[in-house]
Structure formats: C-alpha cells, structure tokens
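In listed order, ligands and their atoms are each counted from 1.
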Amino acid sequence: MAVLWLDEIGADDLESVGGKAASLGELTAAGLPVPPGFVVTAGTYRRFIEDTGIDEELFEAVDVDADDSKALAEAEARAKELILETEIPEDLKEEILASYEEVGDEAFVAVRSSATAEDLPDASFAGQQETFLNVTGEDLLDRVKRCWASLFTQRATYYREQQGFDHDVVDIAVVVQQMVAAEKSGVMFTSHPSTGEPKIIIEAAWGLGEGVVSGSVTPDNYVIDRASGEVTDVEVADKKTMYDKDPETGETDEIEVPEDKRTERVLSEAEIDRLCELGEQVEDHYDTPQDVEWAIFEGEVYMLQSRPITTIADSDGEAATADGSGAKQASKSDEDGDVLLSGLGASPGIASGAVRIVDKLDQLDKVGEGDIIVTEMTTPDMVPAMKRAAGIVTSEGGMTSHAAIVARELGAPAVVGTGGATETLSDDQMVTLDGDKGTIREGVETSEETEPIEEARPKTPVKPMTATEVKVNVSIPEAAERAAATGADGVGLLRIEHMILSTNKTPERYIEDHGEEAYVQEIIDGVRNVADEFYPRPVRVRTLDAPTDEFRQLEGGEDEPHEHNPMLGYRGIRRSLDRPELFKHELEAFRQLWEMGYDNVELMLPLVNDVEDVTRAKALMKEVGIDPAKRRWGVMIETPAAALGVEKMAQTGIDFASFGTNDLTQYTLAVDRNNENVAGRFDELHPGVLELISQTIQTCREYDVDTSICGQAGSKPRMVNHLVNEGATSISANIDAVRDVQHEVKRIEQKLILDSVR
Ligand code: PEP
Ligand code: MG
C-alpha cells in the first residue's frame with residue numbers, strides 16, 4: 001500500500017508515516033475535527049528509490065565532506081535532479097492519485113513533509129523540509145517528489161553529517177490533506193505555556209495560519225480561565241497583513257487586511273467556547289498540555305496540528321537542564337569590602353577571583369577557570385581566556401567597547417574604563433568585581449555557580465506579543481545558544497569580526513596561509529552556527545568592520561596603517577570598498593549560504609556614508625552572483641551623513657536600515673567611544689542623536705524600508721520608548737536585556753493604542 005489514511009494511523013506508526021502524520025492520525029482517532037487526508041508512507045519513498053534503482057547513485061551523490069560547501073551544493077542539485085526526473089512506478093502513482101480523488105475532485109490539498117527521524121531537532125532539520133499549500137491533482141506528484149528531495153537540501157545533508165546520521169537510514173513520508181480555506185486561524189495553548197496553570201491561551205488572526213505560526217502577523221490574544229470558562233483577557237491587535245489563497249493561481253499570498261477588519265476582534269464568544277472544548281479534549285487525550293494549530297472555515301473549527309508544550313517550568317520554578325560548567329558568579333554582594341577601583345559597570349553580575357594581569361597575548365595561558373582578567377583593553381584573541389574567566393576588568397574603554405560587548409554576551413561580569421586597573425591591581429590579588437555598580441573591591445565574597453544559558457532564558461517563558469519585533473545582538477558565534485534561549489525574534493546584528501579575528505590572523509594573512517576558499521569557509525561556518533540556531537528566525541549578518549588597532553594585534557597586523565584615531569579611520573565599508581577583492585570573499589560566503597538554503601540570512605553593510613557607498617557595494621554583490629532584488633539586505637546608520645542621506649539609499653532597494661548608535665553617538669557628539677576620559681559625555685539619548693533617528697525612521701517609512709537599532713542603546717528603556725513611538729520596525733538588544741525590552745515595547749505599544757482611542 002502506497003498510502004495510509006489519517007483515520008487508520010496513530011502514534012505507533014511513527015516509523016512509516018513520520019511525526020507530523022502520526023499526530024494527525026492520533027487526533028483523528030480521538031474524534032477531533034481534522035481535515036481528511038492520507039499519507040504517502042516512508043515505505044513508498046523507499047520503494048520509489050529502490051524499484052527505480054536510483055538509491056545507490058543517490059546515496060553516493062550525497063556522501064560528501066560536510067565542510068565543503070561546493071560539494072554540498074552539488075549533492076543537493078544531483079539528488080533533486082535524480083528524484084524529480086525519475087518516474088514514480090505506475091502502481092504507486094495510481095494509488096496516490098486515486099486517493100487524491102477520494103479527498104475530493106479537484107480538491108486543494110496541503111502537501112507536507114513528515115520526517116521519520118524525529119529525534120533530530122526541528123529547527124535545524126525537519127523545519128527545512130518542504131510544505132506546499134493549495135496543490136491540485138495536476139501538480140500533486142511533482143510536489144510529493146519535491147518533499148522527498150527536500151531530504152537532501154544542503155542544510156539537511158550537512159546536519160546529518162554533523163550529527164552522525166547515515167543518509168540512507170532517514171526516510172520521509174508526505175501528508176496530503178484537504179486544505180481548509182481558513183477565514184480565521186491561529187494557535188492555542190491548552191494550559192499556560194510557562195506555569196502550566198489551567199488557562200487556555202488563544203492567538204487568532206485572519207486568513208491562513210502561516211502568518212501566526214511564522215510570527216509575521218501579530219494576532220489577537222485571548223486568555224480563558226479553564227475552571228469558569230470565562231474569557232479573562234482580550235487583546236485585539238492591529239492586524240496589518242494576512243495570508244490568503246489567490247483565487248486564480250491557488251498560491252498563498254500575503255495581502256493587506258481590509259481597513260475595517262484590521263482592528264476588529266477575530267473570535268466570537270461561540271468560537272472561543274468551541275476552541276476551548278476542543279482544547280480540553282485534546283489535552284485529555286494526550287494527558288499533557290498541548291500547543292495546537294487550528295483554523296475556522298464556514299463556522300467549523302478544524303485542528304491542523306498538536307504538540308506537547310515543552311516550556312512549562314518544573315514545580316520549583318526552575319527551568320530544566322544545566323550541564324555543569326557554569327560561570328562562577330557571586331550572587332551576594334558585600335557592601336563592606338574596600339573599593340579599590342571604579343569604572344563603568346559594563347556587564348552585570350558580581351564575580352570574585354584572583355587577578356591575572358594580561359598585557360601581551362602570550363600571557364593568556366595564565367588565565368584559569370574562575371580568574372579575573374585585568375587588562376588595558378580586550379582584543380578578539382582574548383575571547384578564549386575571557387570564556388574561562390569569572391570576570392573582566394579593563395583600564396580603557398566605554399560601554400560600547402569590545403570588552404563590554406563580549407563580556408555581556410558571555411554573561412561574564414565586567415567593569416571597563418577604570419583608568420589604571422593594570423597598575424592598581426596585582427597578580428594573584430583576590431578581588432570582587434561588581435558589574436552593576438562598576439566597582440572592584442578587595443577580597444572574596446560568597447559565590448554561587450550559575451549557568452549562562454539558563455541566565456539568559458526568560459524567567460517567565462510567555463513571550464510578550466509585540467508588533468515591534470525584538471531581536472538580539474550576537475558578536476561571538478559561541479553565544480548563539482544563549483542568544484536563542486532568550487526567545488528573541490531573530491538576530492538584529494551578527495558581527496563577523498570574531499570569526500576572522502579569532503583565527504589570530506588578519507584576513508590578508510589568513511588567505512596567504514590557507515587560501516581564499518578556506519577564508520570563505522571560515523565565514524560560512526561561523527554564520528551557519530548562528531543561522532542554524534535561529535532558523536527560520538532572521539539573522540542579520542554584518543560584513544567586516546574592525547578598526548586597524550584591532551587588526552594590528554594579529555599575525556599580519558604589522559602591515560596595518562598607523563592611525564591617530566582608528567574609530568575615524570580605515571574600517572567598515574570604506575575599507576571593504578577599497579579592497580574589493582577581499583570584500584568579494586565575504587560576499588561569496590553570503591552567496592553560498594543563501595544557495596544552501598539559509599534564507600533567514602540577511603546582509604548588512606556597516607559605516608556607509610552615502611548612496612555611493614551603497615551602490616558600489618551593490619555592484620560588487622552582483623559581481624559575485626547575488627541578485628540583490630531577491631535577497632534581504634540593508635545598511636547601518638552610523639554617521640550623521642548616512643542618517644541625513646537615507647532617502648537616496650532607500651531608492652537603491654535596501655530592505656532595512658539599522659541604527660548603530662555606538663558609532664552614531666560618537667560621530668554626532670565627537671566623543672570617542674573607546675576613550676574613558678570622555679565616557680561621561682557619551683550619551684546615546686542626546687537630542688541630536690534622537691533627532692537623526694526620528695528623521696531616518698520617517699523617511700524609511702515613506703519608502704517601506706524597515707528600521708531597527710542594533711547599537712547598545714537598543715537595550716535602554718528610554719531609547720526603546722523613542723523608537724517605538726517613532727515607528728521603528730524592530731529593536732535588537734543585548735542577550736541579558738531581551739526580555740525587559742519585550743515588556744517595555746509591549747507597554748509602549750499598549751499606551752499608543754490606548755492614546756489612539758481616548
Ligand atoms: C554600532 O555602531 O552601534 C554598532 C552596533 O556597531 P559596532 O558596535 O560593531 O561598531
Ligand atoms: Mg558600529
């Protein structure tokens with residue numbers, strides 16, 4: 001039998017129908033209203049590749065070195081060609097088409113992959129496989145084959161290689177299910193997703209559910225007390241867009257919500273009652289709280305998917321996991337210790353340990369687990385030592401310096417800009433640093449171990465729904481896991497400097513020693529770490545922007561020019577445009593990542609001044625084979641010239657502009673961000689900076705260009721307030737600030753809505 005009907009299968013059939021289909025089968029059997037459909041089983045895929053004899057060639061084609069992106073791309077293309085160009089055996093074809101007829105004559109169906117290797121994480125593996133909506137009989141077999149072929153995308157192949165799964169043991173089933181031409185749809189949590197309290201939470205929007213599930217549409221939110229059945233909270237969102245079927249082509253389109261329905265409440269009391277009834281039933285069936293996708297068509301509620309909620313905290317309120325190896329951070333502060341030094345509290349937390357003064361790179365070995373690094377200024381090469389350290393103290397630098405940024409990402413307490421830490425402190429001295437107050441005290445204070453990833457995980461996992469997206473900044477790929485644990489809507493800035501500089505060589509020297517391909521691969525691997533962690537949430541990757549003084553620390557750095565003020569010097573896009581051959585290698589890495597299927601990657605250009613910088617960069621993108629019209633790319637607004645000239649840049653087709661307030665502030669106020677003598681004058685909330693931001697947002701809105709912030713100020717409530725009020729599209733914050741920023745954004749948005757109705 002090539003197919004099994006949903007009403008014939010259940011959880012025991014996981015191996016032959018995959019996780020998605022098995023769960024639909026379970027729901028059907030429990031009497032829940034699931035749209036009718038069938039599954040082209042994993043065995044059918046097997047028979048297809050074996051009976052037609054393509055199996056050997058297929059598995060040989062995908063047996064490649066996972067680190068060779070070219071080979072991965074070729075493997076994907078060959079596998080797809082083999083599968084798409086090979087005829088499905090006649091008897092299988094007939095059975096699939098006959099089953100389709102049974103679903104309905106000329107019915108529109110959804111065709112979805114249902115992976116059988118469910119132990120592979122969704123985001124990195126199953127999530128990559130194909131789904132086709134509104135398919136008719138004519139295209140059905142082709143779409144089924146495309147689902148099969150999606151087992152061999154570059155990402156999937158790479159992932160299996162990395163995880164040690166053989167390519168020939170992973171099978172794929174395909175669900176073919178009647179489409180519900182949803183008028184309304186959304187998700188429902190049958191119990192509170194963080195506390196497990198008996199509350200049903202429903203999110204609802206107009207049209208098909210794709211928008212709610214992917215997060216691109218802000219839905220209404222309803223909270224229902226399960227005991228009384230009462231709706232205790234309703235938040236009606238401004239629903240600007242919805243997903244719908246194009247009546248002519250059958251394709252799924254994102255369209256504007258008609259004006260009169262934008263702020264109209266989606267669900268009636270009766271519909272909420274029915275959803276709750278089904279929610280109770282499905283939770284009873286599984287005996288555990290569920291996260292359900294649902295749709296409503298002509299007054300009928302349908303259930304499209306159900307999965308257990310995994311975010312509910314244990315009864316003691318602790319989130320699960322923690323595998324040891326935590327940073328050593330003190331939890332209790334002792335106000336009586338003698339303050340030896342003070343500076344800027346750059347990364348919160350308290351840490352005690354032995355001082356290790358580091359002034360040359362070869363002294364990094366002396367930094368052991370739990371020590372306190374004390375240095376003039378950190379450099380990218382110090383990151384491995386910074387990871388071992390319990391805390392970081394620098395003499396130089398401000399809140400936006402390298403040390404501050406990296407320490408925050410590592411979750412290590414830090415005090416920067418102390419003036420003379422390397423002279424005042426001495427090796428082996430026991431000290432306690434307070435990253436909130438910016439002090440270093442004599443002696444050790446009681447310490448407790450904490451786990452940086454768990455620290456980053458929101459204490460209340462219910463994410464405040466906001467129309468303004470809240471993203472997170474990542475500077476070292478190793479922080480990706482912590483960053484993803486925050487539940488942010490994506491990465492607003494991924495700095496690639498560390499991927500290069502942590503090799504301890506300048507790009508030029510790296511290429512001299514290892515070749516161009518290895519350089520491209522270094523970037524691809526670094527970005528991939530983060531893009532995988534966040535997929536399908538967007539990751540905005542910035543091209544190289546390191547000042548010459550950072551390059552000078554590295555092998556090959558002796559060739560770097562000496563500059564009076566590197567911050568005003570040879571960095572960012574100006575350096576890239578001056579060395580186009582080198583820049584093209586970075587662009588080539590983007591091209592390959594996109595080709596591999598990392599469609600969540602976006603490209604961002606740093607330190608542009610005017611439209612000429614942008615058009616020259618765009619021309620180089622085209623030279624390496626990137627079609628800028630098909631990819632999401634944009635610029636950072638970091639100089640007053642860029643802010644004032646954004647209109648012309650908007651006309652070049654950029655998709656977004658992101659405020660780099662660390663630089664925008666230093667260039668607007670003439671305050672070197674790395675100079676502790678003027679740190680007191682570094683004010684991102686200065687009216688001059690705020691005015692440049694307001695003007696830029698206004699112009700970008702006219703051109704439908706998204707606006708965002710990725711400078712450190714995005715973590716400050718007053719800046720968040722300014723941006724949301726001015727209409728920025730997103731805000732990218734530090735790992736430790738994401739949850740607070742989400743709440744702040746929500747509060748401001750609610751105030752805006754209230755003001756508009758008052
Ligand atoms: C900025 O300037 O605000 C920014 C985010 O870039 P960087 O800190 O890397 O210069
Ligand atoms: Mg900058």
- Any heavy atom of Arg571 sitting closer than 4.0 Å to ligand 1? yes
- Query: Is Glu638 in polar range of ligand 1, meaning some N or O pair under 3.5 Å apart?
  - Reply: yes
- Query: Is it true that Glu638 and Arg574 have a side-chain N and a carboxylate O under 4.0 angstrom from each other?
  - Reply: no
- Query: Is Asp663 salt-bridged to Arg673, going by a charged N under 4.0 Å from an acidic O?
  - Reply: yes
- Task: Indicate yes or no: does an N/O atom of Asp545 lie under 3.5 Å from an N/O atom of ligand 1?
- Result: no
Would you tabulate the side-chain donor-acceptor contacts of residues 412-423 under 3.5 Å, counting partners in other chains and residues two or more places apart, or write 'none'?
from	atom 1	to	atom 2	distance (Å)
Thr418	OG1	Thr394	O	2.8
Thr418	OG1	Ala421	N	3.4
Thr422	OG1	Glu376	OE2	2.8

- Query: Taking Thr661 as the fixed residue, which of Thr668, Ile693, Leu690 is the one that meets the side chain to side chain contact (heavy atoms under 4.5 Å, CB included) rule?
  - Reply: Ile693
- Item | Ion pair check, Arg575 and Asp578, cut-off under 4.0 Å | no
- Item | Nearest non-hydrogen protein atom, atom 6 (O) of ligand 1 | Arg542 NH1, 2.9 Å
- Message: Tell me whether Asp489 is salt-bridged to Lys471, with the criterion being a basic N under 4.0 Å from an acidic carboxylate O.
- Response: no
- Item | Atoms in ligand 1 with a heavy atom of Asp663 nearer than 4.0 Å | 1 (C), 2 (O), 3 (O), 10 (O)
- Task: Of the side chain and backbone of Arg673, name the one, both, or neither that has a heavy atom under 4.0 Å from an atom of ligand 1.
- Result: side chain
- Task: Please work out whether any backbone atom (N, CA, C, O) or any side-chain heavy atom from C-beta onward of Arg495 is under 4.0 Å from ligand 1, and answer side chain, backbone, both or neither.
- Result: side chain
- Asp434 and Thr439: side-chain donor and acceptor closer than 3.5 Å? no
Table please: side-chain donor-acceptor pairs of residues 604-612 below 3.5 Å, with sequence neighbours left out.
from	atom 1	to	atom 2	distance (Å)
Asn609	OD1	Thr639	OG1	2.7
Asp610	OD1	Glu612	N	3.2
Asp610	OD1	Asp613	N	3.1

- Message: Check Lys584 with Glu581, please: is the shortest side-chain N to carboxylate O separation under 4.0 Å?
- Response: yes
- Would you mind running through ligand 1 and noting each atom that sits below 4.0 Å from a heavy atom of Leu493? 5 (C)
- Any Glu497 heavy atom less than 4.0 Å to ligand 1: no
- Near the Mg ion (ligand 2), meaning under 2.8 Å, the protein N/O/S atoms are Glu638 OE2, Asp663 OD2
- Message: Among residues at least two apart in sequence or on other chains, which ones pass ring-ring contact (aromatic ring centres under 6.0 Å, His included) with Tyr510?
- Response: His514
- Task: Could you pull out, from Ser732, Ala404, Gly660, Ser658, the option with a heavy atom nearest to atom 1 (C) of ligand 1?
- Result: Gly660
- Query: Which pair of heavy atoms, one from Pro507 and one from Leu544, lies closest together, and at what distance?
  - Reply: CG-CD2, 3.9 Å
